[in-house]
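Worksheet: the structure to be examined is printed underneath.
What you see is a predicted model, and the numbers here were worked out from it, not measured in a lab.
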Amino acid sequence: MEGLLAYVLGILRGEDEQEIYPSFDAVPVRDKSRTLFAVVSPKSVQIEPVFPAGLDSTAVKAYPATAVFQVSVLIPVSEPLETAQAYYDTVILPRMETAGAVLCDVRPPCADDKLGRVVMQGDFRLRCLFVEEGSEGA
């Protein structure tokens, strides 16, 4: 899961180094951008049975998987709600599509009084393969 999260964070940050953080980082919200930033939260990973690998116990095994990530855009309450929507449309959606993810749920911007920010969230589904190499002589 760590590798998959790192992949998604890298795609979202892009070459222009957008402010995208994992949900479990130690940086308080007050110390992040005063204007706009995004947070990526892994929600679930479902791993399916291994593809048949034949009789060879040292063969590579591939497990199909589906990962769901929540991407939240946070802006100051003083900003227009359209700011969050525009960032989602122009940065988050295209970059998640580049990662191979599909938007499966999106919620409109709403105020979060605890954070003092407007938050817009969406869930993205990403299909992938986890590959495990068999050990020789095991």
Side-chain angles (χ1 to χ4, degrees):
M1 186 67 174
E2 274 183 47
L4 195 52
L5 177 60
Y7 170 72
V8 170
L9 287 169
I11 294 284
L12 285 173
R13 287 177 178 146
E15 292 180 9
D16 55 350
E17 298 182 6
Q18 296 290 312
E19 287 198 58
I20 311 288
Y21 300 94
S23 60
F24 50 83
D25 75 346
V27 180
V29 170
R30 69 179 177 275
D31 294 342
K32 293 180 179 163
S33 173
R34 300 229 183 267
T35 55
L36 181 146
F37 64 91
V39 175
V40 179
S41 305
K43 287 186 74 175
S44 67
V45 175
Q46 181 179 10
I47 300 175
E48 298 172 22
V50 67
F51 285 155
L55 300 174
D56 185 2
S57 64
T58 64
V60 173
K61 296 178 182 176
Y63 298 86
T66 302
V68 177
F69 291 94
Q70 182 176 79
V71 180
S72 304
V73 172
L74 293 90
I75 62 171
V77 176
S78 59
E79 289 287 320
L81 294 179
E82 294 81 20
T83 303
Q85 180 69 50
Y87 187 76
Y88 227 89
D89 291 345
T90 60
V91 176
I92 301 299
L93 286 173
R95 292 183 184 192
M96 287 302 283
E97 287 175 358
T98 298
V102 175
L103 179 64
C104 53
D105 184 33
V106 67
R107 289 163 295 290
C110 64
D112 184 321
D113 295 334
K114 287 183 183 178
L115 298 177
R117 299 274 178 154
V118 170
V119 180
M120 182 173 177
Q121 296 176 324
D123 293 344
F124 292 85
R125 185 175 310 132
L126 179 62
R127 299 272 304 152
C128 55
L129 286 175
F130 286 109
V131 177
E132 176 184 274
E133 294 184 30
S135 58
E136 293 183 38

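- Side-chain heavy atoms closer than 4.5 Å link hydrophobic residues (I, L, V, M, F, W, Y) into clusters, and following such links, possibly through other members, connects Val40 to Leu4.
- Taken from CD in Gln70 to CD in Gln121, the straight-line distance is 4.0 Å, to the nearest 0.5 Å.
- For the pair Ser72 and Val119, the tightest heavy-atom approach, listed with the atom from each and the gap, is CB-CG1, 4.1 Å.
- There is a path of hydrophobic side-chain contacts, each under 4.5 Å, that joins Val45 to Leu9.
- Looking at Val8, Ile20, Ile11, Val71 one by one, the single match for side chain to side chain contact (heavy atoms under 4.5 Å, CB included) with Arg95 turns out to be Ile11.
- Once rounded to the nearest 0.5 Å, the distance linking OH of Tyr87 with CG of Leu93 reads 11.5 Å.
- Here the closest non-hydrogen pair linking Pro22 and Val39 is C-CG1, 4.2 Å.
- Using a 4.5 Å cut-off on side-chain heavy atoms (C-beta onward), Ser23 and Pro42 make contact.
- Ring pair Phe124/Tyr88 is parallel by interplanar angle, where below 30° counts as parallel and above 60° as perpendicular.
- Heavy atoms only, all atoms of each residue included: Thr98 and Tyr7 are closest at O-OH, 4.1 Å.
- Between Arg125 and Asp123 no salt bridge is recorded (no basic side-chain N to carboxylate O distance below 4.0 Å).
- To the nearest 0.5 Å, the span separating CE on Met120 from CG on Leu81 amounts to 10.0 Å.
- For Asp113, the CG atom is loosely surrounded, since the number of other residues' heavy atoms within 6.0 Å does not exceed 12.
- Proximity of Leu5 to Phe24: side-chain heavy atoms (C-beta onward) are separated by under 4.5 Å at one or more points.
- In this structure, the separation between CZ on Arg34 and CD on Glu19 is 11.0 Å, given to the nearest 0.5 Å.
- Across all non-hydrogen atoms, the minimal contact from Val118 to Pro76 is CG2-O, 4.3 Å.
- Using a 4.5 Å heavy-atom cutoff, the side chains of Pro64 and Leu129 are in contact.
- Side-chain contact between Arg127 and Val102 is absent, with no heavy-atom pair separated by less than 4.5 Å.
- Across all non-hydrogen atoms, the minimal contact from Ile75 to Pro80 is CD1-O, 3.5 Å.
- Rounded to the nearest 0.5 angstrom, Ser78 OG and Arg117 CZ are separated by 9.0 Å.
- Taking each heavy atom of Gly122 and Leu103 in turn, the nearest pair found is CA-CD1, 4.3 Å.
- The structure places CG of Leu126 at 6.5 Å from CE of Met96, a figure rounded to the nearest 0.5 Å.
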